[in-house]
Amino acid sequence: MALPWVLILIVAGAVAFHLASPWWQTPVASNWQQMDDALILTLLITAVAFVAINLFLAYVVWRFRHRDGVRAAAEHGSKALEAWLVGLTTVAIIALLAPGLSVYAKLIHPPADAMVFEVLGQQWQWHYRLPGKDGKLGLTDVRYMSAANPFGINPDDPNGQDDVLVDGQEIHIPLNRPVKVMLRSQDVLHDFFVPQFRTRMNMVPGMVTSFWFTPMKPGRFEVMCAQLCGIGHYNMRSYVVVEPADAYARWLATQPLFAARAAAPVPAGSVSALVAGVDPGHQGRLLAQARGCVACHSADGSAGVGPSWKGLYGRLETMDDGKTVKADEAYLKQSITDPRARLVKGYPPVMPQQQFSGADLDALLAYIKSLGGPAPQ
Ligand code: CUA
């Protein structure tokens, strides 16, 4: 009669895990306490069903175990039992669905005074855009999309000229003010998720999705992508900084406008946008982080999705057609700008194509060179 005990242990273990595990204790930093309430209600209902069904099963296994000379009696159809089952299931399903629908309806209907920012997802980085002084985001179209204009802002739309394009992987927003987040994707399904805000929304190619929230606590909160979007998914992160209105205004004033960017196109997350005045190797390292290169190429020789950059410069690489190529400047530049032209043997053709300025390429090469060449024979 071990089986009933196994079932009871599974129930006790599951309940203890939920009580002791910290995963649901991340503090709420926005107005969406209702998300927690809806989740906890769901957890309670499913927990009661889980515990009751498994304990009942354990009881039945014990009560109707095989005994010599005793035969089980079968009962067919009980109107009263069926009525109870249908009634309880109906109530439980309504209680599971209704709070979620109600919270969702509120989540996608922002108050009229909400400020807006836009998030664009791309394998495997985030771009942010804020409306300028006119409070309006410029029109966009996919045909204007390029590395220098990832949002595809229409260069002829006057509303877009003062749009603020956020450099780097960090958006700032003011404290205690409702914000509406508009979400787009440039390539595949992504999902904008900040656990502390209790909000997340899929970013679907070809659609604009949105939600709103009011940040209630200052701080620096990590954004993570919550849809498996390819090999660099785990590394698709950035930050939302919540700060008082005056600090937010100071930060906003330092961000470039679309008109200035269009006059001197610099791909977003480019070295000249990131830092000036530091040595090219360091610029290259920052660039490799901002563009997501480090998700696949290690700097310490450890195996990754792509070849490690440690000791790469000047090394002989074997290509998938069996030929060997020396990893010199020309080879590295071609591999960065046209990653699928030639493949190193044993690596899959998964590197996305990105645009880099000449200065970006020089910075990346300087960084790769700084990681050393092949060990002497
Ligand atoms: Cu983007 Cu996962």
Side-chain angles (χ1 to χ4, degrees), residues 23 26 29-30 32 35 39 104 107-108 116-130 137 140 142 145-153 165-173 179-213 220-241 267-270 273-274 286-298 302-306 336 339-340 347-356:
W23 65 263
T26 305
S30 83
W32 291 121
M35 297 270 186
L39 279 176
Y104 186 79
L107 180 72
I108 57 170
V116 177
F117 74 86
E118 186 182 39
V119 187
L120 180 73
Q122 183 188 0
Q123 288 176 319
W124 292 283
Q125 50 188 315
W126 303 91
H127 303 278
Y128 298 102
R129 175 165 76 127
L130 289 146
L137 287 168
T140 60
V142 285
M145 275 185 176
S146 67
N149 183 5
F151 289 95
I153 300 169
L165 306 176
V166 175
D167 270 339
Q169 301 275 296
E170 191 175 282
I171 174 101
H172 291 222
I173 51 174
V179 279
K180 178 185 175 187
V181 189
M182 292 170 65
L183 302 150
R184 287 194 291 148
S185 166
Q186 209 187 69
D187 38 40
V188 299
L189 194 61
H190 301 280
D191 188 296
F192 183 85
F193 180 35
V194 179
Q196 288 88 345
F197 295 158
R198 296 300 193 273
T199 49
R200 55 186 282 177
M201 186 65 75
N202 276 349
M203 311 165 76
V204 187
M207 275 177 75
V208 182
T209 50
S210 71
F211 66 86
W212 75 279
F213 66 99
R220 190 164 182 262
F221 303 102
E222 191 169 29
V223 178
M224 53 184 88
C225 178
Q227 284 290 356
L228 184 57
C229 56
I231 226 139
H233 157 72
Y234 74 95
N235 202 41
M236 189 169 164
R237 289 154 190 255
S238 78
Y239 289 91
V240 175
V241 173
S270 170
L274 285 168
L286 294 176
L287 184 63
Q289 285 165 350
R291 291 292 194 91
C293 313
V294 296
C296 302
H297 300 283
S298 78
S302 57
V305 175
I336 294 168
R340 308 212 179 156
Y347 291 98
V350 293
M351 179 164 154
Q353 194 156 18
Q354 296 190 38
Q355 271 176 278
F356 292 93

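As the structure lists them, so they are numbered: ligands from 1, and atoms in each ligand from 1.
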Going from SG on C293 to CH2 on W124, what distance comes out if it is rounded to the nearest 0.5 angstrom?
-> 10.5 Å
Output for pair (F151 CZ, Y128 OH), nearest 0.5 Å, gives 9.5 Å
Looking at H190, which of its N, O or S atoms is the nearest one to atom 1 (Cu) of ligand 1?
-> ND1
Which of H190, R184, H127 passes side chain to side chain donor-acceptor pair (under 3.5 Å) with Q122? It is H127
With rounding to 10 degrees, C229 SG, atom 2 (Cu) of ligand 1 and C225 SG define an angle of 110°
In H233, the N, O or S atom nearest to atom 2 (Cu) of ligand 1 is which?
-> ND1
Does any N, O or S atom in Q227 come within less than 2.8 Å of atom 2 (Cu) of ligand 1?
-> yes
When you measure from the side chain of Q186 to the backbone N and O of P150, does any donor-acceptor pair fall under 3.5 Å?
-> yes
